[in-house]
Amino acid sequence: YIGIYDEEKSMISLKKEAEALDATQAVDDLSAVFSKVQQNIMTVRHELSQSTRYIYKDFLLSRSNNNYVQWWSVLQCIVMLGTGMTQVYVIRRMFRERVNASKPRC
C-alpha cells in the first residue's frame with residue numbers, strides 16, 4: 001500500500017476545521033450572551049414587579065390612613081360643635097331671668 005500525502009489538501013482541511021471551530025465558538029459565545037441577556041431581563045422584570053407591589057402597598061396604606069384621619073376629623077368636629085352648643089346653652093341658662101325668683105342667680 002502506497003499512500004500519497006498531499007500537503008495542499010491537508011492545509012485546506014485544516015483551514016475548514018479551524019473555520020468550523022471558530023463558527024462553533026462564535027455560536028457558543030452568542031448563546032452565552034443571549035442567555036445572560038435573558039437572565040438580566042428576568043432579573044429586571046422581577047425587580048419591577050417587586051417595585052410595583054411596594055408602590056401598590058404604599059398606595060393602599062396611604063388611602064387607609066386618609067380614611068382613618070377623615071373619620072377622626074369628622075368625629076372631632078362633631079364633638080367640638082356639641083361642646084360649643086352645650087356651652088351656649090349653659091351660659092344662656094345661667095343668665096336667664098326668672099319671673100318669680102326672689103334674687104338673681106349671678
Side-chain angles (χ1 to χ4, degrees):
Y1 177 75
I2 299 178
I4 300 176
Y5 178 73
D6 189 5
E7 189 174 327
E8 192 174 306
K9 284 184 181 179
S10 175
M11 291 302 282
I12 291 173
S13 68
L14 284 176
K15 284 182 184 179
K16 286 182 181 179
E17 286 178 17
E19 287 175 1
L21 286 176
D22 288 343
T24 305
Q25 184 65 31
V27 168
D28 290 343
D29 290 345
L30 278 176
S31 296
V33 167
F34 285 144
S35 66
K36 183 69 174 174
V37 167
Q38 185 177 9
Q39 183 181 9
N40 288 343
I41 288 172
M42 293 299 286
T43 302
V44 168
R45 282 185 178 173
H46 176 71
E47 290 176 1
L48 179 66
S49 68
Q50 270 188 328
S51 177
T52 304
R53 278 187 260 138
Y54 289 144
I55 289 171
Y56 187 66
K57 181 188 77 164
D58 290 342
F59 170 73
L60 291 178
L61 180 65
S62 66
R63 192 167 69 176
S64 172
N65 285 345
N66 186 30
N67 287 337
Y68 177 77
V69 168
Q70 278 184 338
W71 282 111
W72 271 110
S73 296
V74 167
L75 180 66
Q76 288 176 350
C77 286
I78 291 171
V79 167
M80 286 192 306
L81 286 172
T83 303
M85 290 171 32
T86 303
Q87 287 176 352
V88 168
Y89 173 74
V90 168
I91 290 176
R92 281 189 175 182
R93 205 172 125 225
M94 195 182 307
F95 288 108
R96 184 174 38 182
E97 291 185 26
R98 295 187 192 158
V99 176
N100 45 350
S102 61
K103 58 182 180 177
R105 273 182 95 173
C106 292

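Quick caveat: nothing in here was measured; it's all calculated off a predicted structure.
- Sorted pairs that involve residues 33-43 and meet side-chain hydrogen bond (donor to acceptor under 3.5 Å, both in side chains), not counting sequence neighbours, are lacking altogether.
- When the side chain to side chain contact (heavy atoms under 4.5 Å, CB included) test is applied to W71, no partner is found at least two apart in sequence or on another chain.
- Counting Ile, Leu, Val, Met, Phe, Trp and Tyr side chains that sit under 4.5 Å apart, directly or through other members, V74 shares a hydrophobic cluster with I78.
- With rounding to the nearest 0.5 Å, the separation of CG in L60 from CG in N65 is 11.0 Å.
- Residue pairs meeting the side-chain hydrogen bond (donor to acceptor under 3.5 Å, both in side chains) criterion with at least one member in residues 49-59, sequence neighbours excluded, are S49-R53.
- By the side chain to side chain contact (heavy atoms under 4.5 Å, CB included) test, V90 pairs with T86, M94, sequence neighbours left out.
- In this structure, S64 has no side chain to side chain donor-acceptor pair (under 3.5 Å) partners at least two apart in sequence or on a different chain.
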- Query: Going through the distances and angles, do Q70 and N67 end up as a side-chain contact (heavy atoms from CB on, under 4.5 Å)?
  - Reply: CA-CA 5 Å; Q70 278 184 338; N67 287 337; 4.1 Å; yes

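- By the side chain to side chain donor-acceptor pair (under 3.5 Å) test, D29 is found to be paired with Q25, residues two or more places apart in sequence or in another chain being considered.
- With sequence neighbours excluded, the residues satisfying side chain to side chain contact (heavy atoms under 4.5 Å, CB included) with V37 are V33, I41.
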